[in-house]
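Below, each value reflects all heavy atoms present in this structure, side chains not excepted, and no hydrogens, waters or symmetry copies.
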Amino acid sequence: MTARATWKASERRIAAILGGERVPVTGRERGSAPDVEHPVFAIEHKYGKVLSSRFQTAIEQAQAAAEGTDKFPLVTFEHARKGSHKNIIGITMLMDDFVKLLLTLEEDYERVVKLLLKREKDS
């Protein structure tokens with residue numbers, strides 16, 4: 001598989017996992033549209049072979065801290081930009097944890113709706 005086919009396949013996998021659709025590069029300018037079209041998220045996907053050892057350690061530490069709890073492992077990062085008063089701050093989480101978070105939010109939403117409907121019916 002060529003390098004181009006590899007990152008395209010990776011974008012397709014992410015789109016399938018999150019229920020979105022990969023946006024072909026043809027016809028769009030860099031930054032004009034997300035890599036994956038989704039009703040809720042603007043998904044920019046990067047694919048590569050190199051993962052910083054510090055980043056890997058941070059993920060492992062977050063997982064260890066969440067073990068035995070109902071918390072979701074999350075890694076945050078801050079990039080100090082030279083010559084700028086604004087730093088770049090971001091978050092990341094493992095795909096399995098993100099999917100679990102989404103499912104939890106969906107279950108919470110359904111539970112709240114049921115409670116509100118019951119309260120309205122009882123009034």
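In this structure, D35 and V23 have side chains that are not in contact, with every pair of non-hydrogen atoms separated by 4.5 Å or more. Two residues are said to be in side-chain contact when any heavy atoms from C-beta on lie closer than 4.5 Å; E11 and Y47 fail this criterion. With a 4.5 Å cut-off on side-chain heavy atoms, D108 and R111 count as touching. L18 is listed as a side-chain neighbour of H38, based on a closest heavy-atom distance under 4.5 Å. Side-chain contact between I17 and M95 is present, with heavy atoms from C-beta onward closer than 4.5 Å.
Residue-environment remark: CD (E120) stays at or below the threshold of 12 foreign heavy atoms within 6.0 Å.
The two residues A62 and L74 make their nearest non-hydrogen contact at CB-O, 3.8 Å. Closest approach of P73 and A66 over heavy atoms only: CG-CB, 3.8 Å. A pairwise comparison of heavy atoms in H45 and S10 identifies NE2-OG, 2.7 Å as the closest pair. Minimum heavy-atom separation, F72 to T104: CZ-OG1, 3.6 Å.
Separation of atoms OH (Y109) and NZ (K114) is listed at 12.5 Å; rounding is to 0.5 Å. A distance of 10.5 Å separates CG of L115 from CG of D122, quoted to the nearest 0.5 Å. Between atom CD1 of residue I59 and atom CD of residue Q63 there is a gap of 7.0 Å, rounded to the nearest 0.5 Å.
One hydrophobic cluster, built from ILVMFWY side chains closer than 4.5 Å, cannot hold both L105 and V113; they sit in different ones. Residues F77 and I91 are members of separate hydrophobic clusters, defined by side-chain heavy-atom contacts under 4.5 angstrom among Ile, Leu, Val, Met, Phe, Trp and Tyr. Hydrophobic clustering, with ILVMFWY side chains joined whenever heavy atoms are under 4.5 angstrom apart, groups I43 together with L102.
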Evaluate F41 against V36 for side-chain contact (heavy atoms from CB on, under 4.5 Å), listing each step before the verdict. CA-CA 9 Å; F41 304 105; V36 176; over 6 Å; no
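D96 and K100 are not joined by a salt bridge, as no carboxylate oxygen comes within less than 4.0 angstrom of a charged side-chain nitrogen.
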